[in-house]
Amino acid sequence: MADVSKFESPVVASYPPSSGGDPTLADVSATTKWLVRADADGPTADQLGAAFGRSQVAAGGALVLGSRPGEWIVLGASVQVSMAVAGLEQPEGLDSSDFVSALDWTHGRALFRVTGHGAARMLEKVCSLDWSDPMTPDGAVVSASVAKVTCDIARNDADGAPSYLIFCDRSFGQYLFDALIDAGDEFGISVVTSTA
Amino acid sequence: MTGFARRIRRRPPKYSAAKLAWKGFRGQSWPRVWREVDLKRSYDAVVIGGGVHGLATAYYLARNHGIKNVAVLDKAYLGSGGSGRNTAIIRSNYLTPAGVKFYDRSVQLYSTLAVDLNINVMFSQRGHLTLAHSDSSLRTMHWRAEVNKLQGVNSSVIGPDEVKSEAPSLDTSDHPRYPILGALYHPPGGVVRHDAVVWGYARAADHMGVEMHQKTEVTDIICTGGEGPDGKGAGGRVTGVRTNRGDISTPVVVNCTAGWASLISSMAGVRLPITTHPLQAAVTEPVKMFLPTVVVSGSLHVYVSQTDRGELVFGAAVDPVANYSVRGSLEFTEGLAGHVLELMPGISRMRLLRQWSGLCDMTPDYSPVMGFTPVDGFLVDVGWGTYGFKAAPVSGEQMAEAVVTGRTPKLIEAFALSRFDNGELVGEKGAAAVGH
Amino acid sequence: MLLVPCPNCGPRNSADLRYGGESHARPDPATASPSEWRSYLYLRDNPAGWLRETWYCASGCRRWFALERNTATNEFRGPPLPGDKRGGAA
Amino acid sequence: MTMSRLGIQSTEVIDRATKLRFKWNGKRFSGFEGDTIASALAASGEHIFSRSMKYHRPRGILTADYWDPNLLVQVGDDPNVRAGHRLLESSMDVRSQNAWPSLHRDLKAANSLLGRFLTAGFYYKTFMRPQWLWPTYERVLATFAPGGKIDIDTPHRYHDKRYSHPDVVVAGAGPAGIEAALAASATGAQVLLVEHQHAVGGHLRFSSGDADQAALTQLQATLAASDVEVLTDSTVTGRYEDNWLGIVQRNHPIAVERLIKARAKVLVVAPGLIERPYVFEGNDRPGVITSGAARRLINLWGVKPGERAVVFSANADGDAAAADLDRAGVEIAEIVDARERRRISSTTGSSRAVDAVVVDAGLASNQRIDADLLVVAAGWTAPTSLLNMAGDRPVYDATAARFFPSDPPANVLATGGIVGDGSLDQLRSHGAATGRLAAARAAAVRHRLQAHTARALAVDGTEPAWAPDERSPLGRDAHPELYRSDTHGMVDYSEDVSSKDLVAASKEGYDSVELAKRFTTATMGPSQGKLETVNTVAAIAEARGETIAEVGTTVWRPPYAPLTLGALAGRVFEPVRVSSIHPWHEAKGVTTIQAGQWIRPDHYGDPAAEVRNVRENVGLIDVTPLGKLDLRGPDVSKLLNLLYVNKWSKLAVGKVRYGMMCAEDGVVLDDGVTGRLGEDHYMMSTTSSGAGGVWEWVENWLQTERPDWRVHVTPVTTAYASINIAGPKSRELVSRVTSGVDLDPDAFRYMEVRGATVAGVSGCFMWRIGFTGELSFELHVPAGHGLAVWEALMDAGSDLGVGPFGLEGQRIMRLEKGHFIVGQDTDGLTLAPSTGMGGLIKLDKDDFAGKPELVWAADRRLPQIVAIQPDNPNIVPDEACQIVRGDSNEILGRITSARFSPTLGRSICLGQVEPELATGGTKLTVLLTSGERISATVIDHHAHFDPAGERLRG
């Protein structure tokens with residue numbers, strides 16, 4: 001039988017261990033992620049709270065990202081995500097005015113976290129968006145091309161330092177991870193282990 | 001009326017080395033390459049567009065059919081559109097038999113053009129390589145080669161080693177991303193000096209009496225009897241054109257424009273299957289010759305050749321967004337440089353000197369629209385996408401024949417406007433993308 | 001690099017979007033004549049001026065929308081019209 | 001002319017304590033840190049730097065800066081390096097270009113004797129006959145190509161790129177540009193100041209005046225203390241749509257060059273002015289230099305430009321040059337003041353040096369003055385390139401003798417010499433006013449961007465009004481119009497085009513600027529017309545008897561300054577993707593194939609053996625790239641009915657169906673199976689290459705044609721690792737690792753789908769389909785466990801002979817089964833009925849994509865896809881071989897797929913043929929690539945093997 005306790009990350013190359021620095025890059029692909037779809041202005045939208053382009057922490061601690069109009073990514077520890085999505089997809093939901101669906105997206109998306117005061121300068125090398133505070137403040141959520149791979153990106157500052165969660169299709173994971181390391185090289189990037 | 005004196009023609013001097021030496025020795029100047037004359041009120045035929053297609057059409061009307069009372073109208077100067085902005089690649093290794101036969105005739109005409117027009121058009125048949133980076137593109141190259149051979153066109157698929165010997169600067173190693181698996185090799189393909197072709201046709205047509213009118217913009221096409229407003233549209237016929245210099249009556253109007261084909265045709269009430277997109281090109285500073293052939297990569301959307309002056313001339317695919325602006329973009333040069341360095345990593349220190357763009361009229365099947373329209377006397381030679389220059393001589397020859405005979409010549413039957421009404425498109429789409 | 005005013009995301013680089021071209025209404029497939037259908041498939045107004053066209057915000061919100069652009073100057077004029085199917089010259 | 005190093009100058013930028021040794025044409029030279037290549041050579045007494053393009057005349061310093069057309073040299077493997085700009089480095093290997101065999105003995109200089117015959121465009125008029133000799137002529141002409149050499153083994157070193165979103169970009173760090181940057185920055189705007197030269201200061205740098213030097217020091221200090229980001233040795237190379245700027249940074253610490261792509265809210269153009277050469281006989285003789293060159297040589301690098309000078313001055317800069325020359329110990333033979341209507345007529349001397357200057361020919365004051373140096377201050381060219389790129393059409397002002405901007409867009413402002421004249425204080429205050437205006441407008445743009453961008457911080461209040469332009473304009477000083485003297489001379493130094501050539505071209509009918517440029521190639525060379533354009537326009541205007549304003553100007557196209565392909569390419573991003581099982585494949589030494597962005601197993605050494613193992617035992621193939629769309633909602637079956645040609649309304653839960661998709665023109669777009677996983681839950685599969693396109697296609701239909709339908713579409717291609725388990729022993733293998741599914745053939749039938757737990761991994765689903773024609777189970781496993789499940793299957797099936805197979809094995813097996821591949825066996829014109837699956841098309845449906853064309857296609861003679869077997873079983877035609885009529889060249893079809901079948905021991909094909917050849921038993925002639933014609937037979941079914949499909953239903 002397969003070892004199902006172990007989540008296989010798309011990042012399979014090994015990197016020299018590091019205790020940190022600025023910026024840091026962490027592979028947090030194993031984080032539980034769900035994708036929720038509902039009417040952009042229905043009751044489910046109200047319940048999830050995060051408007052398109054913004055994020056919000058749900059009651060159980062999961063992070064809810066307003067990734068597209070009528071579309072949310074919910075992430076966190078498995079139990080946190082379960083709490084946040086529980087009850088959203090009622091069977092009767094399909095007959096109500098709000099048409100809702102939710103699916104486990106954990107295996108579909110690689111997830112990386114870039115943290116540090118140099119993180120924005122590093123992202124400027126791989127993404128055309130404006131990372132300045134007014135345009136991309138803490139809590140911002142956006143989709144864009146990063147090193148030519150379409151990604152969802154959420155700014156989620158940690159310990160006073162700018163921090164960005166970057167999601168991409170799982171199969172691009174290794175490529176994107178390496179592209180981020182290359183972009184961060186001039187700033188002294190280090191690869192760290194952490195949870196989302 | 002300054003034109004009167006100028007209209008008296010004498011036989012202009014032929015171009016030759018001896019004449020060049022004599023005039024140089026005597027310090028004499030050359031006569032005008034084409035006359036400046038007043039616009040008449042009536043012509044046997046009016047050609048709209050003073051690019052290489054319009055000039056060739058007028059030239060062959062006069063030379064092959066004796067129709068000399070012809071005016072070529074251009075809103076700017078001769079060759080100001082695509083004719084002066086293209087990368088001047090000539091080839092006939094197309095995919096469909098109809099395409100191959102047509103372009104092969106063009107290559108034949110080009111190969112004697114310098115003598116026919118008495119101007120050195122510098123047709124350099126240096127060979128043309130279309131690189132294949134994947135099994136599927138290699139399969140398309142084979143397809144083209146096989147069809148080409150059956151039409152008598154010199155074309156074959158060669159392997160990486162032969163590619164390397166034709167163009168040593170190409171990286172034929174076991175490249176990580178876009179390996180060169182082979183190429184379609186077309187020895188008669190090459191490049192020509194585009195301006196010389198324009199001037200040569202204009203000068204030769206002028207010698208036969210055709211009039212070239214620059215800065216003459218057509219503002220309307222006058223029709224009668226058509227189903228649309230003002231007698232335009234299907235069932236009608238052309239009686240003249242209106243210009244910024246006055247009205248002209250004529251029974252025949254040939255639309256030889258590129259970039260403006262939809263607008264000119266709409267003046268006659270004819271809608272076309274055309275979307276206009278800019279096509280960009282760029283040139284580097286000169287370096288000593290190192291690239292002996294024309295190199296094209298469809299997958300990487302780039303084509304490149306080195307001029308006799310030592311510059312590399314690049315082109316790519318048309319811009320994705322429909323546009324009448326010819327300003328050029330940074331992303332074009334970025335993509336171009338990335339792709340060309342993928343093919344030739346050794347030229348990273350060459351400097352891009354200038355970029356420009358021209359307008360291309362794209363059709364759904366990557367083939368032109370030629371011949372008659374539902375409006376009698378209104379003919380089109382349009383929809384030339386990115387391949388108009390290489391087709392100019394044969395297009396002029398065939399359009400002239402269509403004007404004179406009133407019938408569609410066999411060589412251009414496949415390109416009729418009616419194909420879009422009956423759904424019989426040309427199969428060049430299969431080899432589409434970048435095919436210079 | 002053109003800035004395209006996505007109605008959801010805001011101004012985005014044109015490279016982030018897919019250009020859908022001149023917008024046009026789909027004829028009723030039950031009644032369309034071959035000529036009408038092929039006109040829908042192939043014929044275009046292609047104006048040098050204001051054009052009603054469609055875009056797909058491929059790297060952003062993944063929504064198709066229509067707007068008007070001047071093909072000679074690349075100006076946009078709004079507001080963007082989601083799902084507008086009236087076609088051609090505007 | 002003899003140049004030499006002067007004593008220490010107070011303004012100099014060289015560090016005389018740091019000596020740098022380098023080579024020039026193989027000989028040893030030295031210079032100082034801070035020298036350019038040219039200043040170091042000049043200080044060492046060199047005065048010939050290149051040979052001209054056509055006549056191979058010796059050329060010396062002209063402007064001593066980036067734009068000097070005579071100072072292009074080869075540095076190592078770097079061709080066409082601007083020796084007037086590139087800083088000297090230790091051990092540089094510098095060589096002259098365009099001279100053979102050497103700079104000092106150039107045999108091609110013989111061309112200059114033929115000058116009167118080699119008029120502009122001469123090559124159009126000769127070499128036409130005999131035609132067969134043209135290739136030879138061409139090869140000879142090509143040896144005259146100018147420029148340096150490229151070494152094809154030069155590596156593409158590390159180049160970098162980044163994006164930037166500054167409020168204000170200032171192009172040009174002269175006094176006005178610096179003030180603009182400082183003023184904008186003082187308002188809180190984020191400012192990027194870009195300077196082409198190696199240091200900020202513009203013309204103040206080479207001015208010896210005390211006031212200028214004091215101002216420079218003060219500006220530098222203020223700038224250093226400000227928040228302005230300063231880039232030196234960097235150039236704004238282009239201004240594109242919506243103020244998208246290309247900026248190349250040549251002095252980046254970690255990269256050879258870095259391209260910055262900046263979306264500036266406002267661009268300030270402050271490039272200053274470029275000094276224009278003057279056209280007269282002998283104006284390209286070494287020893288004729290611009291006043292700027294003289295001042296740069298003396299004040300920046302301490303180089304004495306000659307011994308005895310004539311100064312031709314039309315302006316204060318000329319006067320300042322005379323003062324600098326005098327101070328540097330150069331004897332001033334004469335100051336010829338253009339403001340007093342005096343003229344330079346010609347220089348005399350050898351081809352290598354000036355020995356005298358003839359002034360005021362034809363006038364009473366006519367004289368010949370012995371001199372080795374002629375310094376010319378004839379006026380200015382406004383480098384309006386960036387404004388041109390923004391759509392501005394500069395207008396000529398005859399009084400000031402130069403062009404001025406007319407009407408740039410509101411987000412592009414200009415300041416400094418390009419817009420007018422004035423004292424240093426006036427220029428500075430115009431710059432500061434421009435900076436404040438730029439910042440105010442940038443604030444409005446920033447407000448609008450923030451207000452319209454979903455993710456941005458909310459902004460308060462209404463958008464600030466667009467600040468009006470209330471700057472008091474700079475004046476325009478009168479300046480003599482000096483273009484050509486009473487003699488003819490060089491207009492374009494890099495192209496060897498003289499004013500005589502331009503007059504001749506104009507007479508010949510090439511009388512518009514564009515035609516004359518094309519005919520003579522004036523302005524087309526490496527200096528891009530920076531020095532030549534206005535003189536070209538003036539020469540044509542003169543020939544036509546018109547004014548410069550009437551002739552107009554030419555459009556300056558990007559880039560502002562040439563930039564390397566390396567900088568433009570930067571780091572090339574080429575994403576590649578792999579499945580989660582990829583590490584296993586690599587460990588097995590797989591041969592991969594690139595399929596779009598995917599890296600996939602092609603085979604593991606012997607594809608034929610892989611095929612045999614599948615046919616006899618069981619094989620596994622990683623089919624993760626297969627497109628998968630998760631479809632949910634009550635209207636999915638309507639959607640499927642609309643997109644596929646076949647019917648979907650009756651597909652039961654647990655069932656799978658094959659579907660073919662057409663575009664609106666009836667051409668086959670994609671195909672694949674779709675399974676119904678639950679009441680309102682379907683999984684659609686697409687071809688690997690079609691996955692992205694089909695997703696967009698589906699979204700387009702849902703969003704624009706059927707917005708009322710309730711369907712949620714989610715691409716889940718890589719959320720699952722997909723494994724096809726194929727072969728007679730596949731059921732046995734699957735049964736060993738699967739729980740929760742009844743695998744009995746009657747319980748789980750062909751074309752059915754089941755959810756399952758496989759190897760302990762829940763959330764899997766599998767369907768019984770197969771491209772190989774064998775009994776097979778296509779298993780979809782949550783991707784984070786894909787590798788584990790694959791390994792579990794390998795372990796569990798070792799006694800069954802399980803082995804992997806790759807894409808090549810699958811291609812062989814699908815061909816044995818006659819399954820077509822969209823895009824290989826079909827092409828851009830293949831309508832659905834041509835596929836041989838016309839029976840699928842349900843024309844009785846109300847509507848589906850492409851339906852009308854398929855209705856009408858029923859009456860058309862369409863080519864057909866058929867299975868073909870060469871009569872000689874050992875000949876495998878190349879794919880794309882043509883099917884012809886007998887011995888003729890008439891094309892009747894083509895082979896689209898061909899392989900040797902290990903199962904059947906013979907060659908098998910698919911092809912497209914004319915409809916009359918499509919019936920089984922028809923004999924075909926196939927033309928091989930070798931030219932040989934072989935006979936082949938159309939077979940009854942698409943399937944070469946197991947046409948009844950008994951194996952896959954097993």
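What's counted below: heavy atoms across the whole structure, side chains too, no hydrogens, waters or symmetry copies. We name chains A, B, ... by the order of the sequence lines, and we start the count at 1 in each one.
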Minimum heavy-atom distance D/Thr564-B/Arg351, with the two atoms named: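 Closest heavy-atom pair between D/Thr564 and B/Arg351: CG2-CG, 3.8 Å.
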Nearest heavy-atom neighbours spanning D/Trp134 and B/Phe123: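 It is NE1-O, 2.9 Å.
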Check whether [X] gets within reach of chain D through its side chain, its backbone, both or neither, counting any heavy atom under 4.5 Å.
X: B/Ile347; answer: both
X: B/Gln151; answer: side chain
X: B/Val121; answer: neither
X: B/Phe314; answer: side chain
X: B/Leu170; answer: neither
X: B/Met350; answer: both
X: B/Asp365; answer: neither
X: B/Lys19; answer: neither
X: B/Thr112; answer: both

In Å, rounded to the nearest 0.5 Å, how long is the span from [atom1] of [X] to [atom2] of [Y]?
X: D/Lys261; Y: B/Glu331; atom1: NZ; atom2: CD; value: 8.5 Å
X: B/Leu336; Y: D/Leu568; atom1: CG; atom2: CG; value: 8.5 Å
X: D/Tyr137; Y: B/Asp308; atom1: OH; atom2: CG; value: 14.5 Å
X: D/Lys125; Y: B/Leu20; atom1: NZ; atom2: CG; value: 7.0 Å
X: D/Lys149; Y: B/Phe290; atom1: NZ; atom2: CZ; value: 13.5 Å
X: D/Gln824; Y: B/Arg139; atom1: CD; atom2: CZ; value: 3.5 Å

For B/Lys101, salt bridge (Lys or Arg N to Asp or Glu O under 4.0 Å) partners two or more places apart: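 Per chain and number, B/Lys101 pairs via salt bridge (Lys or Arg N to Asp or Glu O under 4.0 Å) with no residue.
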Evaluate the side-chain proximity of [Y] to [X]: yes if any heavy-atom separation is below 4.5 Å, no if none is.
X: D/Leu515; Y: B/Gln214; result: yes
X: D/Leu565; Y: B/Leu352; result: yes
X: D/Met53; Y: B/Pro286; result: no
X: D/Gln97; Y: B/Lys288; result: no
X: D/Glu495; Y: B/Arg309; result: yes
X: B/Met289; Y: D/Arg139; result: no
X: D/Asp511; Y: B/Glu36; result: yes
X: B/Trp143; Y: D/Asp827; result: yes

Portion of D/Glu879 that has a non-hydrogen atom of chain B nearer than 4.5 angstrom: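 Its backbone and side chain both get close to chain B.
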Part of D/Asn80 lying under 4.5 Å from any heavy atom of chain B: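 Looking at D/Asn80, backbone and side chain both touch chain B.
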Sequence-distant partners of B/His194, ring pair (Phe, Tyr, Trp, His ring centres under 6.0 Å), two or more places apart: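 None.
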Short N-O contact, D/Glu508 and B/Arg203, less than 4.0 angstrom: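 Between B/Arg203 and D/Glu508 there is no salt bridge, as every charged N stays at least 4.0 Å from the carboxylate O atoms.
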SB check D/Asp151 B/Arg349 (cutoff 4.0 Å):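 No, no charged N to carboxylate O under 4.0 Å.
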Pick from B/Val340, B/Val147, B/Leu425 with the largest number of heavy-atom pairs that fall under 4.5 Å of chain D: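 Top count of heavy-atom pairs under 4.5 Å with chain D: B/Val147.
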Max heavy-atom pair count under 4.5 Å with chain D, selected residue of B/Asp135, B/Thr333, B/Asn118, B/Leu117: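 Ranked by heavy-atom pairs under 4.5 Å with chain D, first place is B/Thr333.
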Any side-chain donor near an acceptor of the partner, B/Arg193 and D/Tyr123, under 3.5 Å: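 Side chains of B/Arg193 and D/Tyr123: no pair found under 3.5 Å.
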Choice from D/Pro146, D/Ala569, D/Gly246 maximising heavy atom contacts with chain B below 4.5 Å: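 Option with the top pair count is D/Pro146.
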